[in-house]
Engineer: 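For reference, the structure I am asking about is given below.
Chain identifiers are assigned alphabetically (A, B, ...) following the order of the sequence lines, protein sequences preceding nucleic acid strands; residue numbering begins at 1 within each chain. Here the structure is a predicted model, which is why all the values come from computation and not from measurement.
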Amino acid sequence: MPQAWFVFKKEVTAYFASPVAYIVISIFLLVTGWFFFSTFFIFNQADLRNFFAMLPLIFAFVVPAIAMRLFSEERNVGSLETLLTLPVTPLQVIVGKFAAAVAFVAAMLLPTLAYPASIGLIGRLDWGPVVGGYLGAILLGGAFAAVGLFASSLTRSQIIAFIVGTAICFGLTLIGRILFFLPETIVGVLAYLGADHHFQNIAKGVVDTRDLVYFASVTFVGLYATHLSLREKN
Amino acid sequence: MLNTAFKDKTMIQVEALTKHFGTFRAVNGISFNIARGEILGLLGPNGAGKTTTLRMLTGLLKPTSGTIRVADKSIADEALAIKRMMGYLPESAPLYHDLLVFDYLRYVAEIRGLRAEARLDRIRQLADICQIGDVMHKPIGVLSKGYRQRVGLAHAMMSDPQILILDEPTSGLDPNQIVEIRRIIRQIGREKTVVLSTHILPEAEATCDRILIIHQGTIVADGATDQIKRSAAGEHRIHLTLANADPGVVRARLEAIDGVAEAITETPINGTLPVVLVCRGEADLRGSVYREIRQTGWDLLEFYQETQTLETIFRKLTRED
């Protein structure tokens, strides 16, 4: 599907053509940098555990902000009309836009590689969890991007798309942390739904199929819901 | 109306097309055919269902009922193949504001499946035709409405499509640009099928081979421009202004002329008497009216026949009842 590739290319161009991209990346780096290094030297351990521990929470805000414009803007400007009369299928459009959002997440994570690189210089860093952590971050970013894409397809307002997307991602992140006051019978089911839990598993450097399946299914559900929402429009 | 003899030339075939939005009937069972190489104007007041009809033709909206066939393909089953043959310019050319004009046109060329070597040539060509060469490296968001409209036209014409669907193509353009766009449309219309919507009558008259007047979701007139004019010409009016005339006598004498259905005298203003003659049939009565007046002692101050413009027909057909 070369069409999806063209959509992807155009979306990436559009991302970096607007100042929003640079603002989001700067804020992300500032927040993660501050939280990470403010405690790093107190713990005096050469690992990135703190960085990855808070990543799901930060992603729950940042990734929906990245995805919010993908369909909302098209709805608002009306260009969805032009796009859907071009010889592309909605699936190709969704895949292209989703891939662009994931690429943006990857671009945002790229500068943070300076953390493990510099820590590796001053201490003995275990690279297993670092590789796992970045793999998990991409999977998590993908899942949240799919959710954000769906939120974006619902409305012409980017603000609403952002709030809806954040609410869902935030819920997925926190669900694992609020289980302690729930009856034990449903804890098992709900624990599986928590994005944080699966992400931390991978970030330990253990790549388990269950975690991969989790992220794949959240992504799939998000993209499929987007497809339904686009079809519903006409 | 096209008869069966032209069937092999039919490009778009619309049958009993209906679209409801909730309880609102935007389009209500319209049927028409469009021949290859025809420029069809959809004419109607705001909210008549023009845009909805065009959106269904492009496959953007699904009809509530009815069928659309393009080049003998069903739009429901072969949407992608039909989209490949079609270029569409939505109303007010909604385009990505952040992208540069050139980046946008390249994107359209890619999606339209132009070969990599052909893309640049085609963009250059379109820049010439639509005269957008000097804004190629500006973001679309900063362009004036006229330029944006022309970029939209370039977008629609990218793959040299068999069918061009234009929703209010000249809205927001200045008079010079309007003339230019009309020229482009007429030029394309020589080989391609063009469907355009407008609520500006002179526009339809100037560009279209055939006009379809839509009102409240139904077709109220369909035919070539002069054909529509003739069909609606069942009645026409002659206006007179007389002096030194008695209203009663004027009515009696003028109504006696063969073909005059009614002579309406209005209140005299400063001794002059405005008269309206309602005439039946297509015969030109100006000669006999003048001969009649010449035999009297009236002074003839004004004498003209109301021309049947598309405008009057349009008003007659789309009057709210």
Engineer: Under a 4.5 Å heavy-atom cutoff, which of B/R112, B/R84, B/M86 has the most pairs with chain A?
Structural biologist: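 Maximum pair count with chain A is reached by B/R112.
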Engineer: Under a 4.5 Å cutoff for heavy-atom pairs, which residue among B/D98, B/I111, B/T58, B/I165 has the most contacts with chain A?
Structural biologist: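 If we count pairs closer than 4.5 Å to chain A, B/I111 comes out on top.
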Engineer: Of all the heavy-atom pairs spanning A/S152 and A/L70, show the shortest one and how long it is.
Structural biologist: OG-N, 3.7 Å
Engineer: Identify which part of A/A17 has an atom lying under 4.5 Å from any heavy atom of chain B, answering side chain, backbone, both or neither.
Structural biologist: side chain
Engineer: Kindly assign one of parallel, tilted or perpendicular to the pair A/F52 and A/F199, based on the angle between their ring planes and the thresholds 30° and 60°.
Structural biologist: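 If you compare the ring of A/F52 with that of A/F199, the planes turn out perpendicular.
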Engineer: Which of these, A/I94, A/V95, A/V93, sits in a side chain to side chain contact (heavy atoms under 4.5 Å, CB included) with A/K97?
Structural biologist: A/V93
Engineer: Does a side-chain N-to-carboxylate-O contact under 4.0 Å join A/K9 and B/E110?
Structural biologist: yes
Engineer: Looking at A/L84, A/T82, A/V88, which one has more heavy-atom pairs under 4.5 Å with chain B than the rest?
Structural biologist: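 Sorted descending by pairs with chain B, the first entry is A/T82.
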Engineer: Under 4.5 Å from any heavy atom of chain A, what part of B/R55 do you find: side chain, backbone, both or neither?
Structural biologist: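 The answer is the side chain of B/R55.
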Engineer: Where on A/E74 is there a heavy atom nearer than 4.5 Å to chain B: the side chain, the backbone, both, or neither?
Structural biologist: side chain
Engineer: Does either side chain, that of B/D167 or that of B/S197, offer a donor lying less than 3.5 Å from an acceptor on the other one?
Structural biologist: yes
